[in-house]
Amino acid sequence: MTAEILQLLNVESAYGPIKAIRGVSLKVRQGEIATVLGSNGAGKTTILKTISGIIDPRKGSVQFKGMDITAKDPAFIVQQGLSHVPEGREVFPLLSVKDNLVMGAYTRQDRDGVARDMETVFGYFPILRERAGQDAGLLSGGQQQMLAISRAIMAAPQLILLDEPSLGLSPKLTKEIFEIVVRINRERGTTILLVEQNANMALNAADYGYVLENGRIVMEDRCDRLREKDDIKEFYLGMKDDGVRGERRWKKKKTWR
Ligand SMILES: Nc1ncnc2c1ncn2[C@@H]1O[C@H](COP(=O)(O)OP(=O)(O)OP(=O)(O)O)[C@@H](O)[C@H]1O
Ligand SMILES: [Mg+2]
């Protein structure tokens, strides 16, 4: 079996008195797409922030490629080959699209590789090439998500953490972005840990999934098996497997676009 690239053991993180994750253990295997599903406030973002060093956990450990990265400096963690695409994108709005991409590669010395990866991301998202000279703040929400993912690729990571790429996007754009996420995994061999409320999209894209409720993992399995479980169908996929939840969220948050 493939070895795990990332492992969390009994991780607890809190914001003052609020315990956001309560003893989370999970593994991400080299080369797979793993997903953590959970509703609003379940602790998904906190898991990713704890992995990438933005939050220091109260307990437990985070191992990346067999190295203990628990509570290490975020810049150090990026240098080890782990990139985080945060919730709500967070591109540099006053820098051009191209300069945002260049910033993503700031730790790299291999100019040829950087130029090649820039071409690759323009291949994935041609609109970014068209807008290369424009300020990133002028892009639509979907385009900013594309840029945020592309900027992560520019660091040439082995593992990408993706926080709710579907947030605020139309079902059509969400589908496009997920297709590219799967291509990044298949074509570049990049391992991906994706957290999502949109269980329908995430379970289709990912190989292995965890279900997070109130800061605890309550279920885990291969995604093809999770999709068949009655409580997943009922609570996370809605009545029908048609992406309705995603659409509802889009309407609620459409100002994001
Ligand atoms: N900066 C903060 N200060 C205090 N409490 C916080 C903070 N950020 C998150 N929390 C709380 O921690 C818990 C987990 O939040 P988290 O953002 O990890 O959830 P989430 O699963 O990412 O939710 P969403 O789907 O809305 O993004 C929630 O109860 C939330 O209210
Ligand atoms: Mg979140």
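Remember, it's 1-based here, ligands and their atoms both numbered in the order they're listed. Because only heavy atoms are used, hydrogens play no part in the values below, and waters and symmetry mates are left out as well, while side chains stay in.
- Near Thr45, with a cut-off below 4.0 Å to any heavy atom, the atoms of ligand 1 are 17 (O), 18 (O), 20 (P), 22 (O), 27 (O).
- The Mg ion (ligand 2) lies at 2.8 Å or more from every N, O or S atom belonging to Asn40.
- Other residues, nucleotides and ligands place more than 12 heavy atoms under 6.0 Å from the CZ atom of Arg108.
- Counting heavy atoms closer than 4.0 Å to ligand 1, residue Ile18 contributes side-chain atoms (C-beta onward) but none from N, CA, C or O.
- At least one heavy atom of Glu164 sits closer than 4.0 Å to an atom of ligand 1.
- Considering each of Glu196, Lys44, Lys19, the one bringing a non-hydrogen atom nearest atom 20 (P) of ligand 1 is Lys44.
- Within 6.0 Å of NZ in Lys27 there are 12 or fewer heavy atoms belonging to other residues, nucleotides or ligands.
- In this structure, Asp221 pairs ionically with Lys229, as a charged nitrogen and a carboxylate oxygen lie closer than 4.0 Å.
- The environment of Asn214 atom CG is sparse: at most 12 non-hydrogen atoms of other residues, nucleotides or ligands sit within 6.0 angstrom.
- An N or O contact shorter than 3.5 Å is missing between Gly38 and ligand 1 by distance.
- Take the N/O/S atoms of Glu87: the one nearest the Mg ion (ligand 2) is OE2.
- Here Cys223 contributes atom SG and Leu203 contributes atom CG; the two are 5.0 Å apart, rounded to the nearest 0.5 Å.
- Cation-pi contact between Arg183 and Tyr124: absent, since separation from the ring centre below 6.0 Å together with deviation from the ring axis within 45° is not met.
- Nearest-residue assignment for atom 24 (P) of ligand 1 (options Gly41, Pro17, Ala14; heavy-atom criterion): Gly41.
- A heavy-atom separation below 4.0 Å is found between Ala42 and ligand 1.
- Which parts of ligand 1 touch Asn40 is read off a 4.0 Å heavy-atom cut-off, strictly below it: atoms 23 (O), 24 (P), 25 (O), 26 (O).
- Using modelled atom types, no side-chain atom of Gln145 and backbone atom of Gly141 make a donor-acceptor pair closer than 3.5 Å.
- The side-chain tip of Arg151 points at the ring of Phe92 from less than 6.0 angstrom away and within 45° of straight on.
- Counting heavy atoms of neighbouring residues, nucleotides and ligands inside a 6.0 Å radius, atom CE of Met67 exceeds 12 of them.
- Against a heavy-atom cut-off of under 4.0 Å, Ser39 is close to the following atoms of ligand 1: 21 (O).
- Heavy-atom proximity to Gln197, at under 4.0 Å, picks out these atoms of ligand 1: 24 (P), 25 (O), 26 (O).
- Those atoms of ligand 1 with a heavy atom of Thr46 less than 4.0 angstrom away are 14 (C), 15 (O), 16 (P), 18 (O).
- The distance from ligand 1 to the heavy atoms of Ala20 drops below 4.0 Å at these ligand atoms: 12 (O), 13 (C), 14 (C).
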